[in-house]
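Encoded as structure tokens, the structure appears first; notes follow it.
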Amino acid sequence: MKIPRFMLAAPHSGSGKTLLTCGLLMLLKNKGKNPCAFKCGPDYIDPMFHRKVIGIPSQNLDSYFSTKEQLCHFLAEAPGNVAVLEGVMGLYDGLGGVTETASSYEIASLTDTPVILVVDADGMGRTILPILAGIKSYDKRGLIRGVILNKISGVFYPSMKQMIQQELELPVLGYLPKQVDFVMESRHLGLVMPEEMEHLSLQLHQVADTLGETLDMAQLLAIAESAPELMDQNVLCGVSDHAGEVKVSDCAERYPVCTIAVARDEAFCFYYDENLRMLQQAGAKLVYFSPLRDKELPEHTDGILIGGGYPELHLKELSENVSMQQVLRRAFEQKIPMVAECGGFMYLHEGIYDEQGNYYPMVGLQKGTCGKKERLVRFGYVELTAGEEESFLPAQGRIRGHEFHYYDSTDNGDFCQVKKPVGNRSWVSVHADQTHWWGFPHLYYGSNSEFAERFVNACRTRLRNHTCQHKE
């Protein structure tokens, strides 16, 4: 399949990729182009901006989690007429910051996607030439097709454009002047949630209007149209051995359909759409509930998924919803299969301490407490190897994920051996057996589809047993 596409990448973080991406997506939408978005890397929050504030489809592309075939499948199935990919960190920054693996450039290479460099030109003149020349010299595949200058005045822009195009033969597609009244706010887990940013939609419309005047949209879309066709394969449920082979699971519809209750509200909102689709393909019906507000689980719940998010910002409300705590404890006693990641794992503890040291009782299924540390506890990609016992992974099975958290537990578990992909750092983590999986790592099911299938099968078994008991 052929989908017009381009990637916005940069020399380093903080160059303005997110603001430019959001403004450009808004501009494309306003022009009736039906855009869709992809965020390179494991980031949860940027896709939420795209979906909730701009109102367009958005998901992740990650070459540490996915094979080339899977990446091409995601793009080929993109629900839009033009795909805008937002890079991560610097263009060539991959695992550990010292390899090209899992970098924006690797993703662009695997998917044959043209790259547009976003360069922060604030306070810079001719020095921009050696910077661009150096970046361009590493582009062995000729993917870099243009430049957009950020934080530059309209008066100085024509001179900079002429200089870059004449000396580097690199098209300059436009610029974005410094937006003094608009700053992407941040907090310890990245950009703030879309709901918390006042007038965000209005401000992005203003950015889009500016880009409509300062960007050569015709040239940009021509570059997008030049992207070659993608060889789509139905590999969404593929399981990679991370050595190139993709084993495609049987994704045929299965019966009976079980119901998985997914926690989704302001406190728990970090989910990969690909993970949720894999649960559905394995035979699950997904229904949503709020640990903040609901008193009961959805009717006929056969399994529970509690993702990450910001429980630390809602400790009082979570602690006061005793009814939901009791329901979750009862569900565990009834052996309803349960997956809890990061913030969800924190919520299952006996209690959580806030930044001021105040204690808030929580569900109490996991012995111990959680509290904030002075710095990031663990950060980045990981590969998990299960222990000898069966769980939602087979014995010694492997799956990939990532961690990013300031809070830590007094008991992180020891079911899995967790290893960083670069260097020798490793540790133990996760509490698991055949009915539950709790831990800080955010998992990407596409790196081993057995996890999704085993989780759904456990829910289906519970449904079947429960149905038989009622018939008796």
Side-chain angles (χ1 to χ4, degrees), residues 1-3 5 7 9 36-44 47 58-78 83 85-88 91-96 99-113 115 140-141 143 227-252 271-282 380-386 392-394 396-402 419-422 441-454:
M1 293 184 64
K2 180 175 176 63
I3 178 168
R5 61 192 181 278
M7 175 187 290
C36 58
F38 291 86
K39 172 63 181 178
C40 298
D43 183 276
Y44 287 106
S58 184
Q59 66 183 79
N60 298 80
L61 286 181
D62 194 308
S63 55
Y64 177 71
F65 292 151
S66 306
T67 65
K68 174 180 178 177
E69 291 81 4
Q70 289 170 319
L71 295 174
C72 290
H73 171 82
F74 295 144
L75 278 171
E77 293 295 308
L85 285 63
E86 181 185 347
V88 58
L91 176 60
Y92 301 108
D93 298 335
L95 298 181
T99 74
E100 200 173 282
T101 303
S103 66
S104 301
Y105 190 77
E106 182 181 60
I107 293 171
S109 298
L110 293 173
T111 60
D112 287 321
T113 297
V115 174
K140 306 304 182 186
R141 293 176 54 93
L143 295 173
E229 290 189 5
L230 293 159
M231 296 301 293
D232 180 28
Q233 299 180 38
N234 186 22
V235 294
L236 182 59
C237 286
V239 49
S240 169
D241 63 0
H242 308 302
E245 179 186 358
V246 176
K247 306 167 187 175
V248 181
S249 304
D250 175 15
C251 296
Y271 296 99
Y272 292 123
D273 281 358
E274 305 89 277
N275 282 1
L276 299 180
R277 285 202 302 272
M278 289 186 72
L279 293 175
Q280 291 171 320
Q281 286 190 337
Y381 291 114
V382 294
E383 182 167 88
L384 296 86
T385 302
F392 299 147
L393 283 182
Q396 295 299 304
R398 292 177 298 149
I399 193 167
R400 291 183 170 184
H402 76 98
K419 189 179 186 306
K420 298 285 288 180
V422 176
H442 294 279
L443 304 181
Y444 189 84
Y445 302 164
S447 63
N448 190 334
S449 62
E450 279 199 77
F451 187 92
E453 292 170 353
R454 282 171 169 254

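Fair warning: this is a prediction, and the values are worked out from it, not measured in the lab.
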(request) Quick one: list whatever passes side chain to side chain donor-acceptor pair (under 3.5 Å) with Asp112, sequence neighbours left out. (result) Arg141
(message) Suppose we screen for side chain to side chain donor-acceptor pair (under 3.5 Å). Which residues come up paired with Tyr92, at least two apart in sequence or across chains?
(response) none
(message) Taking Phe392's backbone N and O only, do any of them form a donor-acceptor pair with Glu450's side chain (distance below 3.5 Å, no angle check)?
(response) no
(request) Starting at CG of Leu61, measure out to OG1 of Thr113 and round the result to the nearest 0.5 Å. (result) 8.0 Å
(request) Identify the two heavy atoms, one from Ile107 and one from Thr111, that lie closest to each other, and give their separation to 0.1 Å. (result) O-OG1, 2.7 Å
(message) Using 30° and 60° as the class boundaries, would you call the ring planes of Tyr272 and Tyr444 parallel, tilted or perpendicular?
(response) perpendicular
(message) Within the structure provided, determine whether Leu393 and Arg454 are in side-chain contact (heavy-atom separation under 4.5 Å).
(response) no
(request) Could you pull out all residues at least two apart from Ser58 that satisfy side-chain contact (heavy atoms from CB on, under 4.5 Å)? (result) Ala37, Pro47, His50, Arg51
(message) If the condition is ring pair (Phe, Tyr, Trp, His ring centres under 6.0 Å), which residues does Tyr271 pass it with, not counting sequence neighbours?
(response) none
(request) Could you tell me the separation between the CD atom of Gln281 and the CD atom of Glu274, rounded to the nearest 0.5 Å? (result) 11.5 Å
(message) When you measure from the side chain of Lys2 to the backbone of Ala227, do you find a donor-acceptor pair of N or O atoms at a distance under 3.5 Å?
(response) yes
(message) If the condition is side-chain contact (heavy atoms from CB on, under 4.5 Å), which residues does Ala83 pass it with, not counting sequence neighbours?
(response) Ile3, Arg5, Cys36, Phe38, Leu75, Leu85
(request) Side-chain contact test, heavy atoms from C-beta onward, threshold under 4.5 Å: evaluate it for Leu443 versus Leu384 and give yes or no. (result) yes
(message) Looking at every heavy atom in both Cys40 and Met7, which two are closest together, and how far apart are they?
(response) SG-CE, 3.6 Å
(request) Taking all heavy atoms of Leu230 and all of Ala76, pick out the closest pair and write down the distance. (result) CD1-N, 3.8 Å
(request) For residues Ser449 and Met278, report the shortest heavy-atom separation together with the two atoms involved. (result) CB-CE, 3.3 Å
(request) Decide whether His442 and Tyr44 meet the rule of one side-chain donor and one side-chain acceptor closer than 3.5 Å. (result) yes
(request) Write down the atom of Ser447, the atom of Arg400, and the distance for their closest heavy-atom approach. (result) OG-N, 2.9 Å
(request) Could you pull out all residues at least two apart from Asp93 that satisfy side-chain contact (heavy atoms from CB on, under 4.5 Å)? (result) Met89
(message) I need the Arg398 CZ to Lys419 NZ distance, nearest 0.5 Å.
(response) 12.0 Å
(message) According to side chain to side chain donor-acceptor pair (under 3.5 Å), who are the partners of Asn60, at least two apart in sequence or on a separate chain?
(response) none
(request) Please list, chain by chain and in numerical order, all residues satisfying side chain to side chain donor-acceptor pair (under 3.5 Å) with Gln59, sequence neighbours excluded. (result) none
(message) side-chain contact (heavy atoms from CB on, under 4.5 Å) for Phe65 and His402? Distances and angles first, verdict last.
(response) CA-CA 10 Å; Phe65 292 151; His402 76 98; 4.3 Å; yes
(message) Rounded to the nearest 0.5 Å, what separates atom OG in Ser109 from atom CG in Leu143?
(response) 5.0 Å
(message) Please determine whether side-chain contact (heavy atoms from CB on, under 4.5 Å) holds for the pair Glu453 and Tyr445, giving the CA-CA distance in whole Å, both sets of side-chain angles, and the decisive distance to 0.1 Å.
(response) CA-CA 9 Å; Glu453 292 170 353; Tyr445 302 164; over 6 Å; no
(message) Looking at every non-hydrogen atom in both residues, tell me the closest pair between Gln70 and Gly446 and how far apart they are.
(response) NE2-O, 3.4 Å
(request) Using the test side-chain contact (heavy atoms from CB on, under 4.5 Å), find all partners of Lys140 that sit at least two apart in sequence or belong to another chain. (result) none
